[in-house]
Amino acid sequence: MDVPLTPLLPWLDLAGLSVFAASGALAAARNRLDFVGACFFALITATGGGTLRDMLIGAPVWWMHDPLPVLLCVGVAVATWLVPLRWWPERALEWLDAAGLAAYAVYGAGKALAFGITPVSAVAAGVVTACIGGVIRDITAGVPSVLMRHELYVTAALIAAGVFVGLTALRLPAPWPAYLATLLGFLLRGAAIRWRLALPPHAGT
């Protein structure tokens with residue numbers, strides 16, 4: 001299924017880039033790093049998943065050919081770093097991450113479809129786009145990965161990407177697939193943050 005990028009998807013890209021950059025910069029600020037460190041964290045968090053996605057689907061790595069993503073990450077990072085930590089809500093990092101997760105899951109799936117990737121693989125591309133940046137951020141910061149917190153995280157990205165691809169396959173007019181899938185992914189991840197929702201863990205031996 002080869003579909004063009006709908007007008008909403010580039011906006012989701014910018015939204016995901018911005019909120020993931022903010023989450024990376026906030027993680028750096030909480031680790032008492034300087035503003036250069038904040039810019040680095042912002043860049044790896046915002047571009048990590050998309051870089052891997054582009055390599056997998058055979059697309060040019062977008063931020064290597066356009067300075068806007070890098071400049072946006074730097075601007076968001078500096079602005080985030082300048083805000084005193086006491087002004088940030090305790091769980092701001094998680095909510096920023098939730099917004100980026102939902103936006104990037106849908107955008108990643110949409111870009112994969114636009115490059116002729118099959119629907120199932122496009123869903124996987126959306127999950128990779130949404131999740132890898134946060135994992136890189138946590139590993140670099142030396143904290144347990146968000147994947148190890150026993151909350152719905154990858155599942156939220158999977159559902160967002162899957163709903164988008166499914167609604168697109170059903171020919172629901174754009175931009176409704178992107179709107180509905182992004183909202184659903186954010187609400188599911190938000191519910192997991194609020195109520196610690198999780199799938200049943202492995203029973204062990």
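Side chains included, hydrogens not; waters and symmetry mates left out as well; all remaining heavy atoms used. Predicted model only: the values in this text are computed from it and were never measured.
For A156 against L101, the heavy-atom pair with the smallest separation is CB-CD2, 3.8 Å. Closest heavy-atom contact between S23 and L93: O-CD1, 3.1 Å. Between G108 and A125, the closest heavy-atom pair is O-CB, 4.2 Å. Minimum interatomic distance between A160 and G185 (heavy atoms only, all atoms of both residues): CB-CA, 3.9 Å. Across A109 and V165, no two heavy atoms sit closer than the pair CB-CG2, 3.9 Å. Here the closest heavy-atom approach between residue P60 and residue D54 is recorded as O-OD2, 3.2 Å.
Considering only heavy atoms from C-beta on, L152 comes within 4.5 Å of L199 through its side chain. L167 has its side chain out of reach of W176: every pair of non-hydrogen atoms, C-beta onward, lies at least 4.5 Å apart. Contact of the F41 side chain with the N31 side chain is not registered, since no non-hydrogen atoms from C-beta on lie closer than 4.5 Å. Residues R53 and I132 are not in side-chain contact: their nearest non-hydrogen atoms beyond the backbone lie 4.5 Å or more apart. Between P144 and D138 there is no side-chain heavy-atom pair separated by less than 4.5 Å.
By the rule that hydrophobic residues join a cluster once side-chain heavy atoms approach within less than 4.5 Å of another member, L12 and L113 end up as members of one cluster. Hydrophobic cluster membership is shared by Y153 and V163, with clusters built from Ile, Leu, Val, Met, Phe, Trp and Tyr side chains linked at under 4.5 angstrom. Hydrophobic clustering (side-chain heavy atoms under 4.5 Å, transitive across Ile, Leu, Val, Met, Phe, Trp, Tyr) keeps L43 apart from I136. When the side chains of ILVMFWY residues are joined at heavy-atom separations under 4.5 Å, either directly or via intervening members, V135 and V154 end up in a single hydrophobic cluster. Residue V127 is grouped with residue L188 when hydrophobic side chains (ILVMFWY) are merged at heavy-atom distances under 4.5 angstrom, including chains of intermediate members.
Under the salt bridge (charged side-chain N to carboxylate O under 4.0 Å, His left out) criterion, R137 pairs with D97, sequence neighbours left out. Checked against side-chain contact (heavy atoms from CB on, under 4.5 Å), D13 has the following partners two or more places apart in sequence or in another chain: W62, Y104, Y107.
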Item to check | Derivation of the side-chain contact (heavy atoms from CB on, under 4.5 Å) call for L180 and L172 | outcome: CA-CA 11 Å; L180 296 174; L172 185 68; 4.1 Å; yes
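Of the possible polar contacts, none joining the R189 side chain to the A99 backbone as a donor-acceptor pair under 3.5 Å is found.
A 6.0 Å sphere centred on CZ of F186 holds more than 12 heavy atoms belonging to other residues, nucleotides or ligands. More than 12 heavy-atom neighbours from other residues, nucleotides or ligands sit within 6.0 angstrom of CZ on R91.
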Atom pairs and distances, donor-acceptor, side-chain atoms in residues 69-90, under 3.5 Å, two or more places apart:
| residue | atom | partner | partner atom | Å |
| --- | --- | --- | --- | --- |
| T80 | OG1 | V76 | O | 2.7 |
| W81 | NE1 | L33 | O | 2.9 |

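Atom OG1 in T47 sits 5.0 Å away from atom CH2 in W63 (nearest 0.5 Å).
Paired with F164 under the rule side chain to side chain contact (heavy atoms under 4.5 Å, CB included), one option of L9, L184, V123 passes, and it is L9.
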